[in-house]
Amino acid sequence: MAFIDSLLQKCSSFSHIKQLQAYLLTTGHSQIPAHRTKLIEFCSISPIGNLDYARDIFLRVKTPSTNEWNAIIRGLARSNEPNKAIVCYQAMSRHQLRRDALTCSFVLKACSRVLALLEAKQIHSQLVRFGFRADVLLQTTLLDVYAKTGDLDNAKSLFDEMSLKDIATWNALIAGFAQGSRPRDALNLFEIMRLEGLKPNEITVLGALSACSQLGAITEGKRVHAYVQEECLDGNVQVCNVLIDMYSKCGNVEKACDVFDSMRCSKSLVSWNTMIMGLAMHGHGIHAVELFKKMGISGVRPDGATYLSVLCACNHAGLVEDGLRLFKSMAGSGVAPSIKHFGTVVDLFGRAGKLDEAYEFISSMPIIPDVVLWQTLLGASKTYGNVEMAERASRALVEMGSNTCGDFVLLSNVYAAQERWDDVGRVRDAMISRDVRKVPGFSFIEIDGVTHKFVNWDQSHSNWKEIYRKLDEIFSKIRVYGYVAETSYVLHDIGEEDKENALYYHSEKLAIAYGLICTIDGSPIQVIKNLRICGDCHVVIKIISKIYDREISVRDRARFHRFKDGFCSCGDYW
DNA sequence: CTAGGGTTAG
């Protein structure tokens, strides 16, 4: 090993580096370019180094070498101002200095961190000119930039063009698909990878399992889990954590607990947080609070996400006292509450019908309330039919310039429930004049490995007529059980019969009807919805679970609802 | 003079 390397290795603090520099200066060694480069690199990259100091040395060099530029760009790329790496790279280009594969690699890393797609494309064209196309590592970096900046099509075509790929290349694209809302593509690629005889590693399965979580694809999730066990990848904490998340989000929180309890590696903070969040999603509040206590006993310090998870669990289970107690305990454990934590408290009060307390709490907060907070209060006002509070929350939302469809719908529903049609009309006019954004609601169900997606009033499915007939059958049966459509959930001022029709064909009902048609009597049905479940659907699904004797689980935006024998696991409290 | 760079959960 070179002389300078052995000395740098012995440095364990920044002052050691300075001592070394002084030594080099007094002995004349600092004039050796290789030494200078090493020193800059070490200062720029090492955790005990100092990027500003590296830059000071660098700026004093008259004609820095490519390696020295690289060291600075690399340091900047991983600093909290990665855009400076791009600026530095541009300066280097102006100096007409030779850039090598590493220069490109580091600056591309910076591009991915600041989502600079345009700059990445420029560098892409440059590295084609430089002749770095055969470099697998560099191509993979480039692929990753495209994926992270959301240009998945470019990432995919780069992947297809690469004659040489290694496991990291596959991983980059699988992870890219998984994180870029294309989980189905991620899973397909994972399958192709196995068909081609490649061996997915722990990083690959992280992407694949995350894709399963998003899709609620339990069958495929179990298959990947089996692979993880075959290859002994479950000694990795991250893999275990993503397995816990996958089972939770696929509706099997018991299996998530099994994975959590039987981990042979030591649990990380994320393990605890994921498990608590999983319990929260399933409404297992007491269990979540117990786990939170256990976590403290085991010596893992909670962070902001831990509190968010356990507060969320209290919310979903209606544990108002526990939630408030936990929120108050945050200060003592040194975790500063963020706006999201304040939000859960508003939710806690709101769900319990304590609207005045919720309002008081918002008014006394040390930070400015955000849109989500007022939406929470508005939602609670809707649930409890409190017109005055709903108006207060809506006013705040309008002042903040909210143009989210849901806000208007909620207020409109509050009026509709009181049959105040003039006010409903006023809200509708406001919606039209403000060009509000509508987030389309959709639900999906997986049948024999094929995902079927439905929107409200969907007639695009090849079997739509059969599905609608099934729904008509359902409605005629459930009427016998005293079902009356909860028409207050409908926005428009229309006749009662039309109102019922508007509810009949909600996406979650269509998906469940399709599930009833396509699956064997008595087998469970699982549906995933992108928004919160509608109140009328909630009532209807409860009755379906009883008269068709099916266990139905619906994962909505926030949590699971498990319907069985006419009851829902959320206890109608959500 | 050499090597160094890529994929990673809540």
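Not measured: the values here are computed from a predicted model. Within every chain, numbering begins at 1; the chains are lettered A, B, ... in the order of the sequence lines, protein sequences first and strands thereafter.
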Can you check the A:L142 CG to B:dT7 P distance for me, whole Å?
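So the two atoms are 13 Å apart, to the nearest Å.
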Within this structure, what is the CG-to-C1' distance between A:N67 and B:dC1, rounded to whole angstrom?
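After rounding, the gap between these two atoms is 12 Å.
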If only side-chain N and O atoms of A:R74 are considered, is one of them under 4.0 Å from the OP1 or OP2 phosphate oxygen of B:dG4?
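Answer no for this pair, as no side-chain N or O of A:R74 is under 4.0 Å from OP1 or OP2.
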Quiz question: going by heavy-atom distance under 3.5 Å, is there a donor-acceptor pair between the base of [N] and the side chain of [X]?
X      : N     : answer
A:E202 : B:dT8 : no
A:S105 : B:dG4 : no
A:D135 : B:dG5 : yes
A:N70  : B:dG5 : no

Under 6.0 Å between ring centres, would you say that holds for A:F327 and A:F342?
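Yes; A:F342 has its ring centre under 6.0 Å from that of A:F327.
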Tell me whether the centres of the aromatic rings in A:F58 and A:W69 are closer together than 6.0 Å.
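Judged by ring-centre distance (under 6.0 Å), A:F58 and A:W69 do meet the cut-off.
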Is there a side chain to side chain donor-acceptor pair (under 3.5 Å) between A:D347 and A:T344? Walk through the geometry before answering.
CA-CA 5 Å; A:D347 214 8; A:T344 61; over 6 Å; no
Considering every strand and a 4.0 Å limit on heavy-atom distances, what is the contact class for [X]: base, sugar-phosphate, or nothing?
X      : value
A:T141 : sugar-phosphate
A:K148 : sugar-phosphate
A:N236 : nothing
A:T204 : nothing
A:L108 : nothing
A:D166 : base
A:N201 : nothing
A:Q139 : nothing

Nearest to the side chain of [X] - [options]?
X      : options             : answer
A:Q179 : B:dA9, B:dG4, B:dG5 : B:dA9
A:L137 : B:dG5, B:dA3, B:dA9 : B:dG5
A:A175 : B:dA9, B:dT8, B:dG4 : B:dT8
A:A168 : B:dG4, B:dA9, B:dT7 : B:dT7
A:K38  : B:dA9, B:dT7, B:dA3 : B:dA3

A:K156: which of A:N154, A:D160, A:D153 passes side-chain hydrogen bond (donor to acceptor under 3.5 Å, both in side chains):
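Running side-chain hydrogen bond (donor to acceptor under 3.5 Å, both in side chains) over A:N154, A:D160, A:D153 with A:K156 returns exactly one hit, A:D160.
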Quick one: does NZ or CZ of A:K453 land under 6.0 Å from the six-membered ring centre of A:F442, within 45 degrees of the ring axis?
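Yes, a cation-pi geometry holds between A:K453 and A:F442.
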